K.L.:
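One structure is given below, represented as structure tokens, and several questions about it will come after.
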Amino acid sequence: MNSAVFHLSGPLHLCGKSHFIADEPPLQGQLYAKFLFSPVAHAQISNLDISAAEKIPGVIKIITADSIPGENQIGTVVKDEPLFPETEIMYVGQPIAMVLAENEYLAELAVKKIVLKYKELPAIFDPEEAYKEKQGYIQERIIARGDVETALKNAPFTLSGKTETSGQEHFYLESQRCLAVPMENSRIILHTATQSTMEVQEIASRILGIPVNDVIIEVPRLGGAFGGKERGATIWACMAALGAFLTQKPVLVKLTRDEDMHLTGKRHPFTSLWKVGFDEHGKILAYDILLLANGGAYTDLSIAILERAMFHSENAYYIPNIKIKGFACKTNLPPNTAFRGFGAPQGIFVIENILAKIAEQLKIDPLEIRLQNAYQNGDKTPYGQEISDCRLTDLFNILAEKTNYLALKQAVEVFNKNNTRFKRGIGIIPVKFGISFTTTLLNQGSALVWVYIDGSVSVSTGGVEMGQELSTKVAIVVAKVLGIPVHQIRVESSNSQRIGNASPTAASTGSDINGNAARIAAEKIKMALTECAVKLLKQKHQLNVSPEDIVFKEGKVFYKENPDACVNFEELVRFAHSERVPLAAYGYYKTPALWFDRDKGSGNPFHYFVWGVALAEVEMDTLLGEHKIIKLTVMHENGQTLNEEIDRGQIEGAIMQGIGWCTMEDLKWNEKGVYLSANPSTYKIPGIRNLPEELEIEMIPSATEEASVFGSKGIGEPPLIYGLSVFFALQAAAKEAKKDAELSFPATPESVLQCLDGLYPIG
Ligand code: MTE
Ligand code: HPA
Ligand code: MOS
């Protein structure tokens, strides 16, 4: 459809002309913020002395918990997180005080003069330990169906174990930042890099003790977020707001890469304890799992992330008897937070690991065992949502055909027989990803559309542009409704004065929610313009037509039987204005038919599922522990795409982020909770050389009823799961070298060499 339309920001990004927060020269009188960060993971503050620091010339103000005019509280789901701790320090890197100075150098200098005295307390970093101590934010959660105990007892085979996945650094290019500028009266504007304008606005107003309408949020675009700014931006925006409010000067808070990596929360590491029962064909009969999320010091989004992990812990498989328990553990790490996939990758990894084990034990083919257990339409998920648009069997079959699966398996076998140092392996993974915020109330959005006098259009939504190119998708939607070229439409920044109470741009729902709201607004304008077109066509071409027969297409408006007797869009707009017809509209959309009963663990939390399958073939160097990805093949069911190139970009990016998570991104802390891998030299994210040698992505269109705006489907997060196929391919390759090899997560060269211990005896 719109394949000629490309990424609207692309040329700007490529030429370095796109603007980001704090790109501009400093404002008159602007102050710079630097922080005193906690050196310890858990402690009681006994004294905080800022007197020496205050005396440094050029230091304007030092702000601590005592300076806060409103409530010292930035928590949302659970109100447990202070902006600055008053008595108890909870993690290494927690901000304790903020210095505002005329330049960064002076601010740094003053930070060093602050004297913090504290009494250290015992700290917990391990989720299992926290679970034993019942240290969490809320009670254990449960979703269950059938009789797991009996089914486990009667199952021909059982296995049990523990599976761990580690965290992940967001590594957005733009670090956390906010420029706060005081305005007249007590008003303030925050240029903030957040995915969630409503949250920042509300919490900043709470900190300052002023009404929400005195805080204005402006988000032009983000230099990447990946979930790290859904909540992660709030604390820094509140810091800047507080600084500007108290000094009445512009204040810039901007973390360095090193600070950002040290003290912002990451993907939740999970530890899962499980038991599984299955039959001789590899069919899973019973699954009992306890998911422990390492939540860090404060609740943040941990409860919702744990819940999504639980919702995805059966991945794409029907399991008749299932008990999914989950506990979000409170530990002394920075509060872990949203990260692309939002718990789903952690839940999915466990069941995929189990399937690999069952297949190995029963000597069943990895594709066969997945087909054997895959959902069919009419099945119900453990939380009772009916599966109605599943094409997994088809997708697996297409994948087998595309990869020439049987021949590939044979070739790998032959290769492994003829090689000792290099071993190859195949990994296969399906995905069923639920689209909608699992927090039902967040599934709503608004848009404001203006048609200006020359026919150019301005669209505002609550959606935040972060590189996923939501703006292009929204423009495509509006262009389609009004029948005008995409380039005639400008999608504006996300601003609380134009769009209030906006949900975060997250859960891969950005285009569903904001695209639909924009569609609804544009349809209202189109309806008003249609009335005008009837009049104008009569005046100009003496046509007598009814509104239903008017077509808006390619910048022209005409009677469907007579496209030549048309008026152009601008002409129509000028006519409508002269007729005093409103040329703006507000659109509101809420995702239909969502509900979930947390106590019963059942409901319909998702509007639809995204389905797909992936196959990875890898070659491992068992001497060096390194690997290459020979080929990754993906079949992704994608509804009716709004823009194929953007979706392909999202799939490729998500896959690489998934591969990074499970094969190279290794977070290290010391035993005192000090983060040790806080820069790119010690923390390796995928680079160009880590790309699969061949990457084949096929987007399979479908006419799924539940899909959203113009039949399209959310794309931001689901494809991250495909990256996990590389881990399982490596696991298979390792077993070719050493039968009982068990790769730990992530599958770094170090992890590979450890699991192959003894293969190359030294000396
Ligand atoms: N793509 C880019 N380039 N940058 C990002 O920060 N975030 C991801 C995904 N793709 C992200 C991205 C995450 S975590 C989500 S939830 C979705 O985009 C959010 O945008 P959408 O809902 O509009 O797809
Ligand atoms: N995904 C992302 N963010 C969220 C969700 C979700 O399901 N629920 C609340 N915030
Ligand atoms: Mo994405 S983790 O839902 O911001």
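Hydrogens, waters and symmetry mates play no part in the numbers below; they use all other heavy atoms, side chains included. Each ligand, and each atom within it, is numbered from 1 in the order the structure gives. Computed from a prediction, not measured in an experiment: that's the story for all the values here.
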K.L.:
Against the six-membered ring of Y375, is K432 placed for a cation-pi contact (under 6.0 Å from the centre, within 45° of the normal)?
P.N.:
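The answer is no; the distance or angle limit is not met.
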K.L.:
Would you mind checking if D23 and K17 are paired as a salt bridge, meaning a charged N to carboxylate O distance below 4.0 Å?
P.N.:
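So K17 does not pair with D23 through a salt bridge.
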K.L.:
Go through the side-chain N and O atoms of E352 and Y317 and say whether any donor and acceptor fall under 3.5 Å apart.
P.N.:
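Short answer, yes.
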K.L.:
Only heavy atoms of Q195, strictly under 4.0 Å: list the atoms of ligand 3 that pass.
P.N.:
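Taking each heavy atom of Q195 in turn, ligand 3 has 4 (O) under 4.0 Å.
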K.L.:
Would you kindly specify which portion of A338 sits under 4.0 Å from ligand 1, judged on non-hydrogen atoms: side chain, backbone, both or neither?
P.N.:
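No part of A338 is near ligand 1 at this cut-off.
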K.L.:
Among all the protein's non-hydrogen atoms, which is closest to atom 10 (N) of ligand 1, and how far away is it?
P.N.:
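Checking every protein heavy atom, the shortest distance to atom 10 (N) of ligand 1 gives Q650 OE1, 2.7 Å.
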K.L.:
What residue and heavy atom of the protein are closest to atom 22 (O) of ligand 1, and at what distance?
P.N.:
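Scanning the protein heavy atoms, the shortest distance from atom 22 (O) of ligand 1 goes to G510 N, 2.7 Å.
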K.L.:
Between T591 and D512, does the side-chain hydrogen bond (donor to acceptor under 3.5 Å, both in side chains) criterion hold? Intermediate values first, please.
P.N.:
CA-CA 8 Å; T591 315; D512 286 5; over 6 Å; no
K.L.:
Any idea which atoms of ligand 3 are less than 4.0 Å away from a heavy-atom of A506?
P.N.:
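Counting atoms of ligand 3 from 1, those under 4.0 Å from A506 are 3 (O), 4 (O).
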K.L.:
Does atom CD of E386 have more than 12 heavy-atom neighbours, drawn from other residues, nucleotides or ligands, at distances under 6.0 Å?
P.N.:
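For E386, atom CD is crowded (more than 12 foreign heavy atoms under 6.0 Å).
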K.L.:
Under 3.5 Å between some N or O of ligand 1 and some N or O of M466?
P.N.:
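So ligand 1 has an N or O lying under 3.5 Å from an N or O of M466.
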K.L.:
Salt bridge between K229 and E174, side-chain N to carboxylate O under 4.0 Å?
P.N.:
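E174 and K229: salt-bridged.
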K.L.:
Under the side-chain hydrogen bond (donor to acceptor under 3.5 Å, both in side chains) criterion, do T192 and E218 qualify, and how do the steps go?
P.N.:
CA-CA 6 Å; T192 155; E218 162 68 17; over 6 Å; no
K.L.:
Counting only heavy atoms closer than 4.0 Å, does ligand 1 sit against the backbone of I715, its side chain, both, or neither?
P.N.:
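Neither part.
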K.L.:
Quick test: of every protein heavy atom, which one is nearest to atom 5 (C) of ligand 2, and how far off is it to 0.1 Å?
P.N.:
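Going by distance alone, atom 5 (C) of ligand 2 is nearest to F342 CE2, 3.3 Å.
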K.L.:
Any nitrogen or oxygen of G227 lying under 3.5 Å from a nitrogen or oxygen in ligand 1? Just yes or no.
P.N.:
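There is no such contact.
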K.L.:
Using distance alone, decide if ligand 1 has a nitrogen or oxygen within less than 3.5 Å of any nitrogen or oxygen in A225.
P.N.:
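Yes, there is a polar N/O contact under 3.5 Å.
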K.L.:
Taking atom types as modelled, find out whether T505 and Q195 have a side-chain donor-acceptor pair closer than 3.5 angstrom.
P.N.:
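Distance-only check fails for T505 and Q195.
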K.L.:
So, F745 versus F349, ring centres under 6.0 angstrom or not?
P.N.:
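Centroid separation for F745 and F349: below 6.0 Å.
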K.L.:
Sort out for me which residue in F226, W661, Y683, F339 forms a ring-ring contact (aromatic ring centres under 6.0 Å, His included) with H170.
P.N.:
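That would be F339; it is the only one of F226, W661, Y683, F339 passing the ring-ring contact (aromatic ring centres under 6.0 Å, His included) with H170.
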K.L.:
Closer than 4.0 Å to some heavy atom of A507 - which atoms of ligand 1 meet that?
P.N.:
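What qualifies from ligand 1 is 16 (S).
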K.L.:
When the ring centroid of F311 is compared with that of F606, is the distance short of 6.0 Å?
P.N.:
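They qualify: ring centres under 6.0 Å apart.
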K.L.:
Please report which non-hydrogen protein atom sits nearest to atom 8 (C) of ligand 1, along with the residue it belongs to and the distance in Å to one decimal place.
P.N.:
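The closest one turns out to be R340 NE, 3.9 Å.
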K.L.:
Under a 4.0 angstrom heavy-atom cut-off, which atoms of ligand 1 come close to A506?
P.N.:
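What qualifies from ligand 1 is 16 (S).
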K.L.:
Taking atom NE2 of H19 as the centre, report whether more than 12 heavy atoms of other residues, nucleotides or ligands fall under 6.0 Å from it.
P.N.:
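Counting other residues, nucleotides and ligands, NE2 of H19 stays at 12 neighbours or fewer.
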K.L.:
Heavy-atom contacts with A507 under 4.0 Å: which atoms of ligand 2 show up? List them by number with element.
P.N.:
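In order of numbering, the contacting atoms are 1 (N), 2 (C), 6 (C).
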K.L.:
Is it true that atom CZ of R490 has more than 12 heavy atoms of other residues, nucleotides or ligands lying nearer than 6.0 Å?
P.N.:
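12 or below, so no.
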K.L.:
Using a 4.0 Å heavy-atom threshold (strictly under), name the region of F437 that reaches ligand 2: side chain, backbone, both or neither.
P.N.:
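Under 4.0 Å from ligand 2, F437 contributes backbone and side-chain atoms.
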K.L.:
So if I count the atoms of ligand 2 from 1 in the order they appear, which ones are less than 4.0 Å from some heavy atom of L442?
P.N.:
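This gives 9 (C), 10 (N) as the contact atoms.
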K.L.:
What residue and atom, counting heavy atoms only, is the protein's closest point to atom 9 (C) of ligand 2, and at what distance?
P.N.:
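The closest heavy atom on the protein side is T439 OG1, 3.4 Å.
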K.L.:
Closest non-hydrogen protein atom to atom 1 (Mo) of ligand 3, residue and atom name please, with distance?
P.N.:
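Heavy-atom neighbour on the protein nearest atom 1 (Mo) of ligand 3: E717 OE2, 3.6 Å.
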K.L.:
Out of F226, F437, Y172, who gets a non-hydrogen atom closest to atom 7 (N) of ligand 1?
P.N.:
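That would be F226.
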K.L.:
Output yes when a side-chain donor or acceptor of R267 lies under 3.5 Å from a complementary backbone atom of T337, and no otherwise.
P.N.:
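Checking the backbone N and O of T337 against the side chain of R267, no donor-acceptor pair under 3.5 Å is found.
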K.L.:
Could you tell me the residue and atom name of the protein heavy atom closest to atom 20 (O) of ligand 1, and the distance to it rounded to 0.1 Å?
P.N.:
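For atom 20 (O) of ligand 1, the nearest protein heavy atom is Q468 NE2, 3.1 Å.
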K.L.:
Evaluate G467 for polar contact with ligand 1, using N/O atom pairs at a separation under 3.5 Å.
P.N.:
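Yes, G467 has an N/O under 3.5 Å of an N/O on ligand 1.
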K.L.:
Roughly how far apart are T509 OG1 and L442 CG, rounded to 0.5 Å?
P.N.:
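One finds 8.5 Å between OG1 of T509 and CG of L442.
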K.L.:
With a cut-off of 4.0 Å, which atoms of ligand 3 are near a heavy atom of G227?
P.N.:
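So the answer, numbered in order with elements, is 2 (S), 4 (O).
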K.L.:
Heavy atoms only, cut-off 4.0 Å: how does E717 contact ligand 1, side chain, backbone, both, or neither?
P.N.:
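The part of E717 near ligand 1 is the side chain, not the backbone.
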K.L.:
Does the side chain of Y588 pick up a donor-acceptor pair with the side chain of Q444 at under 3.5 Å?
P.N.:
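Y588 vs Q444: donor-acceptor pair found between side chains.
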K.L.:
Can you report which non-hydrogen protein atom sits closest to atom 3 (O) of ligand 3, along with the distance?
P.N.:
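Heavy-atom neighbour on the protein nearest atom 3 (O) of ligand 3: A507 N, 2.7 Å.
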K.L.:
Got the closest protein heavy atom to atom 17 (C) of ligand 1, with its distance?
P.N.:
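Of the protein heavy atoms, G716 CA, 4.1 Å lies nearest.
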K.L.:
Starting from atom 10 (N) of ligand 2, what is the nearest protein heavy atom, named by residue and atom, and what distance separates them?
P.N.:
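I find the closest protein heavy atom is E230 OE2, 3.0 Å.
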K.L.:
Can you find a non-hydrogen atom of S508 under 4.0 Å from ligand 1?
P.N.:
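Yes, S508 has heavy atoms under 4.0 Å from ligand 1.
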K.L.:
Heavy-atom contacts with R340 under 4.0 Å: which atoms of ligand 3 show up? List them by number with element.
P.N.:
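Those of ligand 3 that fall under 4.0 Å from R340 are 2 (S).
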K.L.:
Using non-hydrogen atoms of the residue, decide whether G653 is closer than 4.0 angstrom to ligand 1.
P.N.:
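Outside the 4.0 Å threshold, so no.
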K.L.:
Ignoring hydrogens and geometry beyond distance, is a side-chain donor-acceptor pair present between E199 and T234 at under 3.5 Å?
P.N.:
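Note: E199 and T234 side chains meet the donor-acceptor criterion.
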K.L.:
With a cut-off of 4.0 Å, which atoms of ligand 1 are near a heavy atom of G224?
P.N.:
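Listed by number with element, the hits are 6 (O).
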K.L.:
Output yes when R498 and E492 qualify as a salt bridge under the 4.0 Å nitrogen-oxygen rule, no when they do not.
P.N.:
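Looking at R498 and E492, the cut-off is not met.
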K.L.:
Which ligand 3 atoms are under 4.0 Å away from a heavy-atom of F339?
P.N.:
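That gives atoms 2 (S) of ligand 3.
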